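Values below: every heavy atom of this structure, side chains too, minus hydrogens, waters and symmetry copies. Nothing here was measured: the structure is a model prediction, and the numbers come from that model.
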Amino acid sequence: GNIPLNSSYPYYLVPTTVLFEGGMYNSNYYRIPAILYLKDESVLAVCDMRHIYNADLPNKIAVVARRFSPDTRTWSEGYLISGPVRDVGDGDPALVYYRKNQTVFALWTGDKGFFGAGIANASHPQHIYFSRSYDNGITWEDKHDITHFLFSHLCENCDERRREWRCAFVSSGAGLQTREGRLTFALLTKDETNSVRNYLIYSDDYGETWNAYNSYPVTNANEAKLVELNNKSLLLSIRQRGQRKFAITNTLGASWDWAGPMPDVVDSDCNGEIKRY
């Protein structure tokens, strides 16, 4: 039945809403969620809508969103934020709420794969896109392609190392806005030797231009997430089977001051989120 949210029932008996489930909106699978709580007390949830297969890019994938309204206390129907559905796909979204002017940023990857079939190369890379919402996730801009700022042969201002990156995708889930206002995200890359590493990408002008640092904290990397510490250092949490790796930078990613495993943080090899309260 309808149990009041302020009742004494255990939390697991409170009615819930299934946001994304196979079969909804003519899609067989949903994966890779991200969520934001916004200043107007709405909640934005986004997810990969994997229409045919549950595998990664390239596939028929799009980024779908649903929004919880604080006024009606209901969730909207699903709507696309990555543009029309493409056979090569758009997926693995990462969200940031830009607090200075209450804008939502969504970054994702498209076109090519990082592993397996359809793998990218420096001449035909994965592409990294972003879109902004100025009304708490209700409407979105057309997507912007920022690949040419960051890596591959499309990048005219990159050094030779970044021009030879074969693949790169932003870790899905959450990015970071620092206290000074910088937008920054963890990037996973693969170079011409198939070495897989993490770097940080950033924008200091509200997403108009982007750049990437050339310093990486560890080898044998995977998806990673960021938090800013009290002293303005950035802490990177890196997916790794067995134990998560952590790394600290005091230069916003230009160099790394420490990196290593944390034996007390057991990791099941997942894209684990990290939050600072």
Side-chain angles (χ1 to χ4, degrees), residues 34-39 41 43-44 92-107 128 130 132 146 149-151 158-159 161-162 168-189 196-277:
I35 193 166
L36 279 182
Y37 179 76
L38 305 177
K39 190 171 183 179
E41 298 186 352
V43 180
L44 179 68
D92 279 29
L95 298 177
V96 162
Y97 190 49
Y98 194 78
R99 297 181 301 275
K100 285 191 171 184
N101 60 5
Q102 300 174 37
T103 301
V104 184
F105 278 75
L107 272 70
I128 298 175
F130 86 90
R132 290 174 287 213
I146 58 174
F149 289 119
L150 300 174
F151 77 104
C158 293
D159 65 14
R161 174 188 291 181
R162 281 166 50 195
F169 74 91
V170 173
S171 291
S172 59
L176 176 69
Q177 183 201 353
T178 68
R179 293 179 183 84
E180 301 299 325
R182 168 172 284 191
L183 291 169
T184 187
F185 294 80
L187 193 73
L188 186 66
T189 71
V196 180
R197 298 182 174 120
N198 294 120
Y199 299 86
L200 298 190
I201 67 171
Y202 62 92
S203 175
D204 290 321
D205 55 10
Y206 193 58
E208 295 304 310
T209 62
W210 294 79
N211 208 337
Y213 286 118
N214 289 329
S215 177
Y216 59 91
V218 299
T219 57
N220 188 26
N222 210 317
E223 294 159 320
K225 302 295 177 63
L226 282 166
V227 288
E228 185 179 23
L229 306 181
N230 273 338
N231 63 359
K232 298 185 180 181
S233 297
L234 300 185
L235 175 68
L236 188 68
S237 171
I238 304 167
R239 171 181 176 175
Q240 183 188 32
R241 187 179 299 277
Q243 302 168 1
R244 292 194 76 81
K245 289 181 180 177
F246 287 82
I248 291 177
T249 173
N250 292 302
T251 57
L252 299 175
S255 61
W256 294 89
D257 299 273
W258 174 85
M262 288 282 192
D264 54 342
V265 183
V266 178
D267 186 18
S268 60
D269 192 22
C270 70
N271 182 28
E273 192 59 88
I274 183 169
K275 294 291 185 184
R276 179 188 178 277
Y277 287 88

Show, in sequence, the C-alpha distance, side-chain angles and deciding distance for Leu150 and Asn211, and conclude whether the side chain to side chain contact (heavy atoms under 4.5 Å, CB included) test is met.
CA-CA 6 Å; Leu150 300 174; Asn211 208 337; 5.6 Å; no
Evaluate Arg132 against Glu208 for salt bridge (Lys or Arg N to Asp or Glu O under 4.0 Å), listing each step before the verdict.
CA-CA 11 Å; Arg132 290 174 287 213; Glu208 295 304 310; 3.1 Å; yes
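- Put simply, the side chain of Leu234 does not reach to within 4.5 Å of the side chain of Trp256, judged on heavy atoms.
- Applying the ring-ring contact (aromatic ring centres under 6.0 Å, His included) test to Tyr97 and every residue at least two apart in sequence or in another chain returns nothing.
- Aromatic ring pairs are classed by plane angle as parallel below 30°, tilted from 30° to 60° and perpendicular above 60°; the pair Phe130 and Phe105 is parallel.
- Under the 3.5 Å distance criterion, the side-chain polar atoms of Thr249 are matched with a main-chain donor or acceptor of Ser255.
- The existence of a salt bridge linking Arg276 and Glu228 is excluded, since no basic side-chain nitrogen approaches an acidic carboxylate oxygen closer than 4.0 Å.
- Of all non-hydrogen atoms in Ala254 and Ser215, the two that sit nearest each other are O-CB, 3.1 Å.
- Under the rule for a side chain to side chain donor-acceptor pair (under 3.5 Å), the partners of Asp257 that lie at least two apart in sequence or sit in another chain are Asn250.
- The shortest heavy-atom contact between Gly253 and Leu200 is CA-CD1, 3.8 Å.
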Tyr206/Thr103 under side chain to side chain contact (heavy atoms under 4.5 Å, CB included): CA gap, chis, key distance, verdict:
CA-CA 9 Å; Tyr206 193 58; Thr103 301; 2.6 Å; yes
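- Taking 4.5 Å as the limit, some side-chain heavy atom of Leu107 sits within range of a side-chain heavy atom of Ile201.
- Each of Arg244, Glu273, Lys225, Lys245 was scored for a side chain to side chain donor-acceptor pair (under 3.5 Å) with Ser237, with one residue passing: Arg244.
- Of all the heavy atoms in Ala186 and Leu226, the pair that sits closest is N-CD1, 4.1 Å.
- Annotation: side chain of Arg182 is in contact with side chain of Leu252 (closest heavy-atom distance under 4.5 Å).
- Residues satisfying the side chain to side chain donor-acceptor pair (under 3.5 Å) criterion with Ser172, sequence neighbours excluded, are Asn271.
- Electrostatic pairing of Arg239 and Asp269 counts as a salt bridge here, judged by a charged N lying under 4.0 Å from a carboxylate O.
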Kindly indicate, with the supporting measurements, whether the criterion side chain to side chain contact (heavy atoms under 4.5 Å, CB included) is fulfilled by Leu36 and Val104.
CA-CA 9 Å; Leu36 279 182; Val104 184; 3.8 Å; yes
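- In this structure, Leu95 and Ile35 have side chains that are not in contact, with every pair of non-hydrogen atoms separated by 4.5 Å or more.
- In plain terms, the two heavy atoms of Gly181 and Tyr98 that are nearest each other are O-CE1, 3.3 Å.
- In this structure the side chain of Val265 reaches within 4.5 angstrom of the side chain of Phe246, judged on heavy atoms.
- Side-chain contact check for Asp159 versus Asn214: some heavy-atom pair is nearer than 4.5 Å.
- By the 4.5 Å heavy-atom criterion applied to side chains, Leu236 and Ile238 are counted as neighbours.
- Checked against the 6.0 Å centroid threshold, Tyr199 and Tyr213 do not count as a close aromatic pair.
- Formation of a donor-acceptor pair under 3.5 Å by the Asp267 side chain with backbone atoms of Gln240 is found in this model.
- In plain terms, the two heavy atoms of Asp92 and Phe169 that are nearest each other are OD2-CE1, 3.8 Å.
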Pair Phe185-Val96, side chain to side chain contact (heavy atoms under 4.5 Å, CB included): steps then yes or no
CA-CA 9 Å; Phe185 294 80; Val96 162; 3.6 Å; yes
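- Side-chain contact between Leu188 and Asn222: present, with at least one pair of heavy atoms (C-beta onward) separated by less than 4.5 Å.
- When all heavy atoms of Pro217 and Ala247 are compared, the closest pair comes out as CB-CB, 3.5 Å.
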Test side-chain hydrogen bond (donor to acceptor under 3.5 Å, both in side chains) applied to Tyr216 and Thr189, step by step
CA-CA 10 Å; Tyr216 59 91; Thr189 71; over 6 Å; no
